[in-house]
Amino acid sequence: MSPTPPGTTFRIRAPHAESVSLCLFDAADRETAHPMMREGEDWTLHLPEAGPGTRYGLRASGPFAPEQGHRFDQSKLLVDPRAQLLDRRFAYDPRLAALGVDTADLVPRAVIPAPLPPLDPAPPCFTPGGLIYEVNVRALTMLHPDIPAPLRGTVGALAHPAILAHLKKLHVSAVELMPITAWIDERHLPPLGLTNAWGYNPVVPMALDPGLCPGGLAELRATVAALHAHGIGVLLDLVFNHTGESDVFGPTLSLRGLDNRETYAHDSKGHLVNDTGCGNTLDFARPHVRQLALETLRHFVRLCGIDGFRFDLAPVMARAPGFAADAPIFAEIAADPVLADRVLIAEPWDIGPGGYQLGNFPANWLEWNDRYRDDVRRFWRGDAGVGLLATRLAGSTDLFGTAPRSVNFVAAHDGMTLADTLAWSGRHNWANGEENRDGHGGEVIWNCGAEGPSEDPAILAHRAADARALLGTLFASAGAIMLTAGDEFGRSQQGNNNAYCQDNHLTWLDWAGRDTALEDHVAALAAWRAARLPALCVFPEPGAWLTLEGAAMTVPDWESAETPGLAYRAAAMEPAYAVRIDRPARTVQLDP
């Protein structure tokens with residue numbers, strides 16, 4: 001929809017619908033339907049009386065023929081796929097999936113927003129090789145004692161002086177916000193008394209979640225401006241791989257009720273493709289699906305000044321149906337004058353055939369590097385050698401060549417926290433209600449001698465040393481680095497490595513009980529690294545690889561599993577530096 005005085009012109013794509021109605025809702029929530037007119041594959045309507053604040057939904061009629069890909073149901077109130085503002089959050093109810101059952105009392109209404117003048121986006125506020133701070137907005141701010149209670153859990157809280165001071169202490173280059181667009185709970189969660197806490201189950205791509213961002217685009221825009229004023233960029237974690245309409249038993253909320261057949265990927269038998277593990281897969285072979293994604297990216301850049309994006313399960317964006325390194329979406333983003341210079345980060349895997357694509361995204365994209373996480377953990381656990389460690393330190397040249405494309409991390413939102421990596425030998429996800437079957441069962445973790453919390457001074461010292469060793473390795477590594485909020489001060493999820501449904505004290509950061517000594521240690525590492533950027537984005541060569549005794553590394557040293565560590569002295573970098581990694585002593589020393 002596009003506001004055009006007087007009133008608003010609405011345009012909805014529904015090529016196989018027999019009719020589409022625009023439904024306005026008055027102050028008493030009474031519904032008035034207005035038939036839309038077909039224009040090719042679209043349906044349009046201009047309403048002079050529809051201005052900012054008008055609440056509306058859609059209804060579409062047509063065949064309900066799942067074997068042909070059609071799932072029309074006029075009883076379902078639908079949300080405009082291009083809605084920018086909603087009047088409430090989504091809430092799951094079984095009636096949303098029941099054929100022929102009206103859902104007007106369940107579905108949020110789209111709201112025509114007040115005009116927000118577009119920005120002239122500045123170049124991205126992000127230092128190459130900088131620290132990306134991964135943030136769950138609600139978890140970060142819910143328990144912060146300095147943030148006023150009404151502000152906690154919202155995007156606006158990120159602009160509070162206490163949060164800004166913490167980000168500056170860590171020399172954060174950009175915050176990466178886990179999904180802040182509106183999502184719906186997976187259908188198995190409400191019966192368990194649980195809710196989705198991460199947001200990776202969106203419905204429409206542009207509408208901000210009314211709970212996280214009650215002030216809408218203006219709130220996000222003001223927060224981005226406040227962060228920019230302190231030299232901190234903002235990256236949005238977007239989910240373009242699936243929607244919360246799920247599998248054939250899922251709710252009909254938006255795209256499914258308008259154009260199921262040509263929006264979601266189907267196999268040769270007409271079944272939904274599930275390359276995401278979430279029940280459906282958006283079909284990026286379709287130009288209109290790519291167009292919606294591109295419009296979403298431009299929307300957040302032009303109206304909020306967003307510096308870049310992280311794409312969840314990004315291979316889906318390049319499937320048709322197999323992954324293609326030259327997929328159209330890559331060229332379309334590169335050719336777009338608004339998007340071409342943005343920071344672009346791929347999570348380079350999905351669960352479909354050929355879904356692991358680490359190292360295969362375009363040369364100007366960064367990629368989450370899970371090989372870095374696992375290999376660095378394996379080194380400090382004692383079951384990987386120095387050769388592999390050196391490759392990861394040097395920017396994972398085996399995966400990316402000398403291009404600085406790796407996003408290095410030792411823990412992320414998905415998996416064990418840094419502290420839990422060193423306190424548990426297996427996942428403990430019982431609180432999720434799936435009998436501990438969910439989450440990654442083969443994570444590289446170790447408990448340092450006791451499972452879970454311990455008061456043994458030796459075990460606590462071991463865990464503290466290993467945490468500092470992992471972090472020291474991270475901050476000495478070429479490429480960008482990422483730290484998930486709270487790992488700098490010992491956040492724990494009590495061994496839960498899939499806490500997506502724990503919107504409670506298990507995931508809310510305990511600011512009062514944080515490990516301030518570890519936090520100060522991370523701040524010192526961050527200051528050291530910041531002084532060497534952007535040069536440290538690319539591994540400094542020439543340089544000298546040395547044994548812990550100071551001799552040049554030999555082939556046997558590199559190949560032996562018994563080699564206890566190594567050192568590297570940079571020769572062509574100002575300020576110069578050296579890193580010394582000693583596994584038996586559990587230390588990483590950064591000089592000068």
Side-chain angles (χ1 to χ4, degrees), residues 92 134-140 142-143 178-179 183-202 237 239 241-242 244 246-247 250 274 276-279 312-313 347 349-351 355-356 368 370 373-374 377-378 381 409-454 459 463 466-467 470 482-487 489-510 513:
Y92 183 81
E134 189 189 30
V135 170
N136 180 308
V137 170
R138 187 166 165 83
L140 178 74
M142 281 299 291
L143 299 180
M178 290 170 61
W183 70 84
I184 191 168
D185 290 332
E186 292 82 355
R187 65 175 174 270
H188 72 279
L189 292 180
L192 296 172
L194 300 172
T195 58
N196 188 314
W198 285 356
Y200 292 97
N201 204 39
D237 191 340
V239 181
N241 56 77
H242 79 286
S246 187
D247 57 19
N274 188 18
T276 64
C278 302
D312 185 64
L313 303 185
E347 181 185 44
W349 50 79
D350 63 31
I351 69 165
Y356 190 75
W368 267 33
D370 64 326
R373 175 198 62 202
D374 292 349
R377 286 188 185 184
R378 286 190 179 101
R381 192 171 69 173
F409 59 98
V410 291
H413 73 269
D414 195 4
M416 291 287 190
T417 71
L418 174 61
D420 288 352
T421 295
L422 309 172
W424 306 86
S425 59
R427 63 190 176 191
H428 292 258
N429 298 354
W430 299 98
N432 296 354
E434 298 184 49
E435 298 184 355
N436 205 35
R437 293 190 301 265
D438 62 305
H440 182 29
E443 234 185 310
V444 181
I445 55 179
W446 61 102
N447 63 20
C448 297
E451 189 74 355
S454 174
I459 290 173
R463 291 175 179 174
D466 281 5
L470 286 163
M482 185 183 78
L483 189 69
T484 298
D487 278 344
F489 52 68
R491 74 180 177 109
S492 174
Q493 293 172 174
Q494 299 304 307
N496 190 323
N497 76 345
N498 190 35
Y500 77 101
C501 56
Q502 301 296 326
D503 184 15
N504 49 47
H505 284 71
L506 189 69
T507 56
W508 298 349
L509 299 191
D510 180 10

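Along the sequence shown, residues carry numbers from 1.
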> What pairs with Glu443 under salt bridge (charged side-chain N to carboxylate O under 4.0 Å, His left out), at least two apart in sequence or on another chain?
Replying inline: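 Applying salt bridge (charged side-chain N to carboxylate O under 4.0 Å, His left out) to Glu443 gives Arg377.
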>> List the residues meeting salt bridge (charged side-chain N to carboxylate O under 4.0 Å, His left out) with Glu347, not counting sequence neighbours, and say none if there are none.
In response: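 Glu347 satisfies salt bridge (charged side-chain N to carboxylate O under 4.0 Å, His left out) with Arg310 once adjacent residues are dropped.
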Gap between atom [atom2] of [Y] and atom [atom1] of [X] - 0.5 Å precision:
| X | Y | atom1 | atom2 | answer |
| --- | --- | --- | --- | --- |
| Ser425 | Ile445 | OG | CD1 | 6.5 Å |
| Asp510 | Ser492 | CG | OG | 10.0 Å |
| Ser246 | His188 | OG | NE2 | 10.0 Å |
| Asp487 | Leu470 | CG | CG | 10.5 Å |
| Arg378 | Trp446 | CZ | CH2 | 10.5 Å |
| Leu194 | Leu189 | CG | CG | 6.0 Å |

> Taking all non-hydrogen atoms of both residues, which atom of Cys448 and which atom of Ile459 are closest, and how far apart?
Replying inline: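 Looking at all heavy atoms of both residues, the shortest contact is O-CG1, 3.6 Å.
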Is there a donor in the side chain of [X] and an acceptor in the side chain of [Y], or the other way round, less than 3.5 Å apart?
| X | Y | value |
| --- | --- | --- |
| Trp349 | Asp370 | no |
| Asn504 | Gln502 | yes |
| Gln493 | His428 | no |
| Glu186 | Asn196 | yes |
| Thr276 | Asn241 | no |
| Tyr92 | Asn201 | no |
| Asn496 | Asn432 | yes |

Do [X] side-chain atoms and [Y] backbone N/O form a donor-acceptor pair below 3.5 Å?
| X | Y | value |
| --- | --- | --- |
| Asp420 | Trp424 | no |
| Ser454 | Ala450 | no |
| Asn274 | Gly279 | yes |
| Glu134 | Met178 | no |

Run the side-chain hydrogen bond (donor to acceptor under 3.5 Å, both in side chains) test against [X] and tell me which residues pass, sequence neighbours left out.
| X | answer |
| --- | --- |
| Asn429 | Asn497 |
| Asp247 | Arg187 |
| Thr507 | none |
| Asn498 | Asp438 |

Just so I know, are the side chains of [X] and [Y] near enough to count as touching, which here means a heavy-atom distance under 4.5 Å?
| X | Y | result |
| --- | --- | --- |
| Asn136 | Trp198 | yes |
| Tyr356 | Asp350 | no |
| Arg373 | Val444 | no |
| Thr484 | Thr417 | no |

>> Between the side chains of Arg138 and Asp503, is the shortest nitrogen-to-carboxylate-oxygen separation below 4.0 Å, so that they form an ion pair?
In response: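 Yes.
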> Ring centroid separation for His413 and Tyr200, is it under 6.0 angstrom?
Replying inline: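 Distance test on ring centres: under 6.0 Å, yes.
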